Each structure stands twice: as C-alpha cells, then as structure tokens.
Amino acid sequence: MLDNWIVVRFSYDDIGERPRQCQQFLQQLLGKLYGLGSSEKLALPLPASYRELLRWGQQRERGSTFTPKEAQHLLGVSHCTARKYLQHLLQQGLLEQASGHTRIRTYRISSKVAQLII
C-alpha cells in the first residue's frame with residue numbers, strides 16, 4: 001500500500017462459489033481507475049497503449065522530453081511500433097516535437113493533454 005498499490009482481497013470460498021461477483025467487482029474497480037471519468041473534462045477514445053503512453057508522459061516532470069526508445073521499453077513493443085504510436089499522437093496534437101527537424105528525436109506532452117481524461 002505504501003507504493004500506491006491497491007490490494008483486493010477475496011476469500012477462497014467467494015472465488016469458488018461466486019466468481020461472477022468477484023469478476024464484476026474487479027471490472028468496477030478498473031472502470032473507476034481507468035474509465036473515462038467525469039464529463040467536466042474532454043474524454044478522448046484512444047486505444048489502451050496510446051492512453052498508457054500519455055498517462056506515463058503526464059506523470060513525468062512537467063515539460064520533460066522522452067525518446068521513442070523510452071516509449072518502446074514502456075509499452076514492450078518494437079521500435080517501429082513505438083514510432084507509429086508516437087506519430088499518431090503527434091498528428092492528433094497530443095504530443096509535440098521537442099527536438100529534431102527532419103527526424104524527430106524527442107517528444108513532449110502537449111498542453112492539450114491537460115484537458116483530457118486519459
């Protein structure tokens with residue numbers, strides 16, 4: 001719990017006798033944590049890998065940049081796939097080019113992401 005873990009306890013009997021109830025509880029918990037949230041902010045429907053990349057970028061120090069290699073390690077995908085994800089987010093205006101002209105070497109989260117629920 002000290003490292004922001006959420007501990008969910010189920011008894012062995014509950015799992016055996018009421019598995020659907022346990023499953024629904026976990027789905028509600030995940031919906032609360034990763035759902036679209038309140039309507040006061042703009043919600044953007046993105047695949048989970050894109051949302052995770054933006055969430056990770058928001059948690060970094062404000063204005064800090066990151067490379068495609070860091071995104072590759074975060075998502076556990078190939079270098080080409082990571083670049084494809086970054087290019088897609090760049091085209092939507094959710095990422096900004098931080099360095100490089102012909103070839104983008106680093107990215108940063110745009111100010112538009114602050115108004116989104118990811």
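Just so you know, residue 1 is the first one in the sequence shown, and it goes up from there. Remember, it's a predicted structure, so these values are computed and weren't measured experimentally.
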Derivation and outcome, side chain to side chain donor-acceptor pair (under 3.5 Å), residues Gln23 and Arg20: CA-CA 5 Å; Gln23 184 182 29; Arg20 182 68 182 139; 2.8 Å; yes
Trace of the side-chain contact (heavy atoms from CB on, under 4.5 Å) decision for Ile109 with Leu94: CA-CA 6 Å; Ile109 298 295; Leu94 302 172; over 6 Å; no
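Between Leu86 and Leu53, some side-chain heavy-atom pair lies under the 4.5 Å cut-off.
A search for side chain to side chain contact (heavy atoms under 4.5 Å, CB included) contacts involving Gln87 returns Leu90, Ile104, Tyr107, not counting sequence neighbours.
Side chains of Thr106 and Ser99: a donor-acceptor N/O pair is present below 3.5 angstrom, by distance only.
Here the closest heavy-atom approach between residue Ala82 and residue Val77 is recorded as N-CG2, 3.9 Å. Minimum interatomic distance between Arg108 and Phe66 (heavy atoms only, all atoms of both residues): CA-CE2, 4.2 Å.
The aromatic rings of His88 and Tyr50 are tilted relative to each other, their planes meeting at an angle between 30° and 60°.
Taken from CG in Leu54 to CD in Gln92, the straight-line distance is 9.0 Å, to the nearest 0.5 Å. A distance of 6.5 Å separates CG of Asp14 from CD of Gln21, quoted to the nearest 0.5 Å. Atom SG of Cys22 sits about 10.0 Å away from atom CD of Glu17, to the nearest 0.5 Å.
Looking at His73, Arg83, Lys84, Arg105 one by one, the single match for side chain to side chain contact (heavy atoms under 4.5 Å, CB included) with Pro68 turns out to be Arg83.
Around CD of Gln24, the count of heavy atoms belonging to other residues, nucleotides or ligands within 6.0 Å exceeds 12.
Linking Ile, Leu, Val, Met, Phe, Trp and Tyr residues whenever their side-chain heavy atoms come within less than 4.5 Å leaves Leu26 and Tyr12 in two separate clusters.
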